[in-house]
Amino acid sequence: MGLIHIDLFTTLDGVAQAPGGPDEDADDGFAFGGWQAPLIDEVVGEEIDSGMAGMDALLLGRRTYDIFASYWPHAEGNIARLFNRLPKYVASRQTPTLEWAHSTLLGPDVVAAVRELRDRHENIHVIGSLDFVQTLFAERLFDRLTLWVYPILLGGGKKVFARGVVPTNLRLIEPVVASPKGAVMQRYALADGTPGVGDMSDVDQARDQEAR
């Protein structure tokens with residue numbers, strides 16, 4: 001069974017709206033579209049490139065698909081060549097015309113359609129697609145989460161973990177990477193169960209016993 005990777009970018013205060021450009025998503029008067037660009041450096045670029053190794057399909061929400069389809073078919077470079085040749089699957093409540101080569105609209109039962117994709121591909125990546133990933137979070141329908149956290153506070157905007165989030169355990173599977181400009185990459189795997197609870201006094205007692 002293939003893996004579903006979610007790749008997201010967020011500020012320290014959890015804002016994930018429109019990291020890529022001023023016109024990406026101006027909903028609710030968001031004025032910081034493109035906030036990620038000044039914080040990209042060589043380490044970020046290298047890690048993003050290496051994170052695409054083995055990618056054999058893209059799974060996108062409608063808005064992110066439209067942004068990508070307007071840019072990547074006309075771009076040059078390794079990422080452009082990869083994205084242009086990969087199969088692309090689009091989640092949408094409407095029936096848009098998908099003109100980017102190798103694009104397919106998922107059916108009305110998006111959750112079932114995404115589950116079926118696991119039988120057809122090894123490494124399916126969801127990039128951005130902030131509204132769509134809330135559905136994946138709600139269904140725990142992902143296997144890997146790569147989260148880039150950038151050292152800025154915006155104070156408002158769409159949140160990376162919003163209405164779709166349910167109690168979920170994750171497991172850090174790689175060392176955390178920090179870039180010269182302060183971006184931090186964390187890569188997690190979905191883990192079994194839901195978060196546990198405890199009492200900090202129990203932790204203190206355990207430490208006391210270990211110290212004796």
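Residues: numbered from 1 along the sequence shown.
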[Y] and [X], any side-chain heavy atoms less than 4.5 Å apart:
X: Thr64; Y: Val126; result: no
X: Phe142; Y: Val114; result: no
X: Arg118; Y: Asp143; result: yes
X: Pro87; Y: His121; result: yes
X: His125; Y: Phe83; result: no
X: Val90; Y: Leu106; result: no
X: His5; Y: Met55; result: no
X: Leu39; Y: Phe9; result: no

On the 0 to 90° scale, with breaks at 30° and 60°, tag the Tyr150-Trp35 ring pair as parallel, tilted or perpendicular.
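Geometry flag for Trp35 against Tyr150: perpendicular rings.
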
How are the rings of Phe137 and Phe161 set to each other: parallel, tilted or perpendicular (split at 30° and 60°)?
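The arrangement is tilted - the two ring planes meet at 30° to 60°.
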
Spacing of CG belonging to Asp25 relative to CG belonging to Leu130, to within rounding of 0.5 Å:
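Going from CG on Asp25 over to CG on Leu130, the span is 8.0 Å.
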
Atom CZ of Arg187 and atom CD of Glu47: how far apart are they, to the nearest 0.5 Å?
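One finds 7.0 Å between CZ of Arg187 and CD of Glu47.
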
Any salt bridge linking Arg63 with Asp27? Criterion: basic side-chain nitrogen under 4.0 Å from a carboxylate oxygen.
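So Arg63 pairs with Asp27 through a salt bridge.
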
Backbone of Trp72 reached by a side-chain donor or acceptor of Asn84 within 3.5 Å:
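Checking the backbone N and O of Trp72 against the side chain of Asn84, a donor-acceptor pair under 3.5 Å is found.
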
Stepwise side chain to side chain contact (heavy atoms under 4.5 Å, CB included) check, Met185 with Thr146
CA-CA 7 Å; Met185 186 198 76; Thr146 299; 3.9 Å; yes

Using a 6.0 Å cut-off, check whether atom CG of Asp119 has over 12 heavy atoms from anything other than its own residue.
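Buried by this count: over 12 neighbours within 6.0 Å.
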
Please name the pair of heavy atoms, one in Leu60 and one in Phe132, separated by the smallest distance, quoted to 0.1 Å.
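Nearest pair, atom of Leu60 first, then Phe132: C-CD2, 4.2 Å.
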
